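Report on one structure; see the data block that follows.
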Number of protein chains: 2
Amino acid sequence: MLQDAVSPQSNSYRLGSPAPPAGAVRQRADNVSFSQQIAQTLDLIDAAVPLHRRMVRAGDCIYQAGERFGSLYVLNSGFFKIVNLNADGREQVTGLKFRGDWIGLDGIADGYHACDAIAMDTGEVWVIRYDAFLEAAVRAPALLRVLHAAMSCEIAHDRNALMSVCTLPADARVAEFLRHWVESLAKRGMRTDEITLRMTRAEIGNYLGMTLETVSRALSRLARDGVIAFVEKGRREVRIPDLQALAGFAQRYAAASLH
Amino acid sequence: MLQDAVSPQSNSYRLGSPAPPAGAVRQRADNVSFSQQIAQTLDLIDAAVPLHRRMVRAGDCIYQAGERFGSLYVLNSGFFKIVNLNADGREQVTGLKFRGDWIGLDGIADGYHACDAIAMDTGEVWVIRYDAFLEAAVRAPALLRVLHAAMSCEIAHDRNALMSVCTLPADARVAEFLRHWVESLAKRGMRTDEITLRMTRAEIGNYLGMTLETVSRALSRLARDGVIAFVEKGRREVRIPDLQALAGFAQRYAAASLH
DNA sequence: CGCCACTTTGAATTAGCTCAAATTCCGTGG
DNA sequence: CCACGGAATTTGAGCTAATTCAAAGTGGCG
């Protein structure tokens, strides 16, 4: 699928020995500490920035495309989806968000939000006036690093998503989606052996750039291979007996698509 | 292609009357003022932040995946590509950058860059130590807004890219790619009736999530339809007689893909 | 209990991919 | 200046992964 002719200097030697201890750092920090880190960050924000707490329920909209930007939002609990809309009527789920994530960042640049943010469950959102945040940040520069890290993460994540869509076949994309969802839960100290998909097949497909039928078939195949299992009664609950197997599945397909 | 069943509350009424003056704002600011705005921003940075100027030539690498993050980079001139790499060897062009753009933002979060940034032409890059920037920002908060705007833009742009890949057929994606390239040049006050593609078909295809053959065919079709024309001798120079026609082409396909 | 939304599965279709061959361009060296 | 060779591009011809269309199955909820 991919041509490796991207650039003369783009060879795999770069993935070899000299460079990235990044992975090592990530592994050292286990999920417990990830979860603690999120808690600490939330504490810091709570302590240093004036904020308004808002409870939301499934289906509630945090902000809508076209709305004037004024606030950033930090998610304290719940599950959220980001839905982008464009002028010609296309729409797409471009992100899924959890506790500790920031949303509304897309509105800073031109003063208007470019997407909808919708709750998929009950939860609590912290509303932070952007101006108030900037003032607070001058007094407590640590806040800046927190915000910048959040934006940086978002950028890195969006690029990974683009890469998945462009370089992985459908089955691997679905596997990767599940793997990433589980990873997100794990980092927040939540249960990961059994997960609840809070989206319909159509939404998942929209998010991953495929049709609902393809999602359904991919899930069926994953189940047939024993990589996942559906919990009795109801196809929104998925059991993941072996996370390694799931990761391996995605990996194997990724490798296959290289030649 | 897309199922509209993304969510109960996701209907097109939102695209109607009440909300977005965003478009109006964008139109009022014409390209001249865009160009001036970029110049002003660069002046502001130059005045308030300690920076190092670096000249680069085609093929030069600004930073590489795996490298320790320490600096942000502001592009003063030239053309650049962002190439993401991941552990299993897949690689993809995930961004194209011009004068006024910031790069290196992806490294803030975990302290390591996740991509390569490569010059596609001679140009000048301003290297800014992140720590130095934060210090300067406390004294001149306008700097913060500039950085945040850049990051916000990046996020919005990446999501649009994801949306293009997921919702547009190949021909429309290529047309959209050209349109966006031209728009970027226009905002910087550069020539737009004739543009030089600084990438091979393979690179364009990689960026757009399709093969080089598909890019070639799409360009041929665009040329056959008179939406673009190849300048004599050399298929890297493209003439765009009518930008509206190009935009219309992409638009038409987008609309078609909705039903 | 029955409706409705969601899901699954099958069969046919197709957009885009792969493979292959011909062509053009460009730099390099004679 | 021209000839040559390698890289990039174009175009054609099958092939395949994913889509579309269709029908049946399932579960949740009033």
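These numbers come from a predicted model, not from an experiment. Numbers restart at 1 for each chain; the letters A, B, ... are given by sequence-line order, proteins then strands.
- Spacing between atom CZ of Arg221(B) and atom P of dT11(D) amounts to 10 Å, rounded to whole angstrom units.
- In this structure, Leu208(A) places its CG atom 12 Å from P of dA18(D), rounding to the nearest Å.
- Candidate nucleotides dT19(D), dT9(C), dT9(D) were compared by shortest atom distance to the side chain of Met210(A), and dT19(D) ranks first.
- Proximity note for Ser216(B) (side chain, C-beta onward) versus dA8(D), dG16(C), dT10(D): the nearest is dT10(D).
- Where Arg235(A) and Asp171(A) meet DNA chain D, the nucleotide closest to each residue was compared, and Asp171(A) sits on the side nearer the 5' end.
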**OP:** Before giving the answer on side chain to side chain contact (heavy atoms under 4.5 Å, CB included), spell out for Arg188(A) and Asp101(A) the whole-Å C-alpha distance, their side-chain angles and the decisive distance to 0.1 Å.
**Re:** CA-CA 11 Å; Arg188(A) 287 159 181 83; Asp101(A) 288 337; 3.1 Å; yes

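- Here dA20(C) is the nucleotide among dT19(D), dA20(C), dT8(C) with the atom lying nearest to any side-chain atom of Glu213(B).
- In this structure, Ser220(B) reaches the dT11(D) phosphate: one of its side-chain N or O atoms is under 4.0 Å from OP1 or OP2.
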Original post:
Does the pair Tyr63(B) and Val127(B) meet the rule for a side chain to side chain contact (heavy atoms under 4.5 Å, CB included), with working shown?
Top reply: CA-CA 11 Å; Tyr63(B) 61 81; Val127(B) 184; over 6 Å; no

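- Each of dT9(C), dT9(D), dT19(D) was ranked by its minimum atom distance to the side chain of Arg236(B); first place goes to dT9(D).
- Counting distance only, with no hydrogens placed and no angle test, the side-chain atoms of Glu203(A) and the base atoms of dC6(C) include no donor-acceptor pair under 3.5 Å.
- Distance, Leu212(A) CG to dT8(C) P: 9 Å, rounded to whole Å.
- Listed candidates were dT19(D), dT8(C), dA8(D). Nearest to the side chain of Arg217(A) is dT19(D).
- When rounded to the nearest whole Å, the span between CD1 of Ile204(B) and P of dG16(C) equals 17 Å.
- Between Thr214(B) and the phosphate of dG16(C), there is no side-chain N or O to OP1/OP2 separation shorter than 4.0 Å.
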**OP:** Mind running side chain to side chain contact (heavy atoms under 4.5 Å, CB included) on Glu176(A) and Leu208(A) for me, showing each step along the way?
**Re:** CA-CA 10 Å; Glu176(A) 180 62 19; Leu208(A) 299 177; over 6 Å; no

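- Checked against the 6.0 Å centroid criterion, the rings of Tyr73(A) and Phe80(A) do not qualify as a close aromatic pair.
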